Amino acid sequence: MDKFESIRAFTQVVSAGGFAAAAREMGMSRSQVNKLVIALENELGVQLLHRSTRVVTPTETGLAFYERCVEILASLEEAERSITQLQVEPRGRLRVNAPMSFGTMHLAPALADFLGQYPDLQVQLTLSDRFIDPIEEGFDVTVRIARLQESASLIVHPLMSAQRVLCAAPSYLEVNGTPTHPDELDHHSCLHYGQLAIENHWTLIGPDGEYTIAVKGVLCSNNGEVLRDAAVRGLGITLLPTFIVGKELQQGTLQIVLPDYHPPELSISVIYPVNRHLSTKVRLLIDFLQERFGD
């Protein structure tokens with residue numbers, strides 16, 4: 001039995017939804033495809049497919065095997081492709097997704113330098129603070145700022161931690177006072193990320209434990225730069241990453257509030273589908289971003 005051919009036949013049947021469609025895709029007869037799948041089931045000693053006159057669906061075991069097979073075949077395809085690309089400059093399109101503020105302030109200049117090194121590449125950069133599905137929306141590389149999470153279908157490559165701080169303008173603190181404990185935030189205007197109609201919470205960890213505070217203020221937004229600018233104008237206290245407010249903290253237009261309390265750590269990571277992990281273009285970009293932001 002040609003195991004790789006049988007695996008290809010099995011994955012094609014699942015993705016196409018039937019033997020006839022799979023046979024057309026593979027340029028084979030329906031019976032040939034069926035024999036390959038049966039041989040694979042016999043080899044493994046398990047039933048991979050539920051068969052009926054109208055539909056073919058994977059069993060629970062078959063679905064788990066299918067997901068692994070897709071990864072293996074994609075890796076093999078990428079490995080074969082990478083061999084032919086070793087002696088040529090990377091070319092083609094890279095679809096990249098990133099959060100709005102990090103994208104405009106830091107990633108866009110980095111990508112300009114990256115493209116200067118590889119002029120035959122084209123990057124399509126989409127900026128959005130929406131939590132997207134990279135596979136469903138077809139992105140080669142996604143920059144995500146969140147707590148680290150493992151995924152069976154995505155490779156997560158951490159670049160650096162995203163430190164966040166509570167900060168406000170000196171003018172706001174002069175008028176409203178400087179809080180000394182998280183409980184006091186309830187009496188302050190908190191410029192938060194989210195929606196006015198939904199109760200928003202900040203979680204802070206300090207020497208006396210963890211606090212989750214319901215916050216409210218005169219302004220909320222789904223963009224960190226908007227919140228930063230509002231804080232600089234004295235509208236309230238905000239909780240933002242230092243990659244957004246670093247310059248203002250250095251210049252003194254914002255100052256850190258409650259320095260002994262910090263939110264849970266976030267990671268700035270590059271994530272990409274498992275079938276991209278041997279792609280020359282993706283690997284070059286990840287190596288570049290690691291060198292650019294890794295420290």
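Computed from a predicted model, the values in this text were never measured in an experiment. Sequence positions, counted from 1, serve as the residue numbers for this chain. Just the heavy atoms: all of them, side chains too, but no hydrogens, waters or symmetry mates, feed the values below.
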Item to complete: Please report the closest heavy-atom contact between Pro263 and Leu204, naming both atoms and the distance.
Response: N-CD2, 4.0 Å
Fill in: Minimum heavy-atom distance between Gly234 and Tyr172, given as atom pair plus value
O-CD1, 3.5 Å
Show me the donor-acceptor pairs, under 3.5 Å and distance only, between side chains in residues 105-114 and residues at least two apart or in other chains.
unit_1, atom_1, unit_2, atom_2, d
His106, NE2, Phe243, O, 2.9
Asp113, OD2, Arg292, NH1, 2.7
Asp113, OD2, Arg292, NH2, 3.3

Worksheet item: Do any N or O atoms from the side chain of Tyr193 and from the backbone of Asn222 form a donor-acceptor pair under 3.5 angstrom?
Response: yes
Response to the item:
Between Asn223 and Glu225 the two heavy atoms that sit nearest each other are OD1-N, 3.0 Å
Fill in: Tyr118 with Leu115, same ILVMFWY side-chain cluster at under 4.5 Å
yes
Discussion item. Side chains of Thr59 and Gln47 only: does a donor on one sit below 3.5 Å from an acceptor on the other?
Written reply: no
Discussion item. Can you list everything that forms a side chain to side chain contact (heavy atoms under 4.5 Å, CB included) with Glu60? Sequence neighbours excluded, please.
Written reply: none
Worksheet item: Are any side-chain N or O atoms of Arg95 and backbone N or O atoms of Gly138, one a donor and one an acceptor, separated by less than 3.5 Å?
Response: yes
Discussion item. Pairing donors with acceptors under 3.5 angstrom, does anything connect the side chains of His181 and Asp208?
Written reply: yes
Item to complete: Please test Asp287 against Arg283 for salt bridge (Lys or Arg N to Asp or Glu O under 4.0 Å), starting from the C-alpha separation and ending with a verdict.
Response: CA-CA 6 Å; Asp287 289 346; Arg283 177 52 54 190; 3.7 Å; yes
Discussion item. Donor-acceptor check, side chain of Lys281 to backbone of Leu94, threshold 3.5 angstrom: yes or no?
Written reply: no
Fill in: Test item: Val245 and Val232 side chains (from C-beta on) under 4.5 Å apart, heavy atoms
no
Worksheet item: Would you find a donor on one side and an acceptor on the other, under 3.5 Å apart, between the side chain of Ser269 and the backbone of Val156?
Response: no
Worksheet item: Just by modelled atom types, is the Arg8 backbone N or O under 3.5 Å from a matching donor or acceptor in the Gln12 side chain?
Response: no
Item to complete: Quick one: closest heavy-atom pair of Ala231 and Thr238, and the distance?
Response: CB-CG2, 3.8 Å
Worksheet item: Any side-chain heavy atom of Ile237 sitting closer than 4.5 Å to one from Leu191?
Response: no
Discussion item. Keeping Asn97 on the side-chain end and Thr126 on the backbone end, is there a donor-acceptor pair under 3.5 Å?
Written reply: yes
Worksheet item: Does a donor on one side chain sit under 3.5 Å from an acceptor on the other, for Gln32 and Ser29?
Response: yes
Discussion item. Is there a path of hydrophobic side-chain contacts, each under 4.5 Å between heavy atoms, that joins Leu185 and Ile205?
Written reply: no
Worksheet item: Which heavy-atom pair separates Phe4 from Ile72 by the least distance, and what is that distance?
Response: CE2-CG2, 4.4 Å
Fill in: Tyr261 side chain near Pro182 side chain, heavy-atom distance below 4.5 Å
yes
Item to complete: Classify the ring geometry between Phe65 and Phe10 as parallel (under 30°), tilted (30 to 60°) or perpendicular (over 60°).
Response: tilted
Worksheet item: Do His201 and Ile213 have side chains that get closer than 4.5 Å, going by heavy atoms?
Response: no
Worksheet item: Is there a donor-acceptor contact under 3.5 Å from the side chain of Glu41 to the main chain of Leu48?
Response: yes
Worksheet item: Below 4.5 Å, heavy atoms only, C-beta onward: do Pro273 and Phe139 meet side chain to side chain?
Response: no
Fill in: More than 12 heavy atoms from other groups under 6.0 Å of CZ on Arg51
yes
Worksheet item: Can you tell me if Ser6 uses its side chain to pair, donor with acceptor, with the backbone of Leu36 under 3.5 Å?
Response: yes
Fill in: Ring centre gap for Phe293 and Phe102 strictly below 6.0 Å
yes
Practice prompt. Apply salt bridge (Lys or Arg N to Asp or Glu O under 4.0 Å) to Asp186 and Lys216, showing your working.
Written response: CA-CA 8 Å; Asp186 183 55; Lys216 58 184 181 299; 3.6 Å; yes
Worksheet item: Applying the 4.5 Å side-chain criterion to the ILVMFWY set and letting contacts propagate, would Val46 and Leu49 be lumped into a single cluster?
Response: yes
Discussion item. Under a 3.5 Å cutoff, is there a donor and acceptor pairing between the side chains of Gln163 and His262?
Written reply: no
Practice prompt. Taking the side chain as every heavy atom from C-beta outward, state whether Leu266 and Arg164 have any atom pair closer than 4.5 Å.
Written response: yes
Fill in: Test log, rule side-chain contact (heavy atoms from CB on, under 4.5 Å), inputs Val123 and Arg93
CA-CA 6 Å; Val123 170; Arg93 186 180 68 168; over 6 Å; no
Practice prompt. Return the minimal non-hydrogen interatomic distance between Val141 and Tyr272, and the atom names on each side.
Written response: CA-CB, 4.5 Å
Worksheet item: Is Leu240 close to Leu227 at the side-chain level, that is, under 4.5 Å between some pair of heavy atoms?
Response: yes
Fill in: ILVMFWY network linking Met26 to Ile38, side-chain heavy atoms under 4.5 angstrom
no
Fill in: Any donor-acceptor N/O pair, Asn34 side chain to Arg30 backbone, under 3.5 Å
no
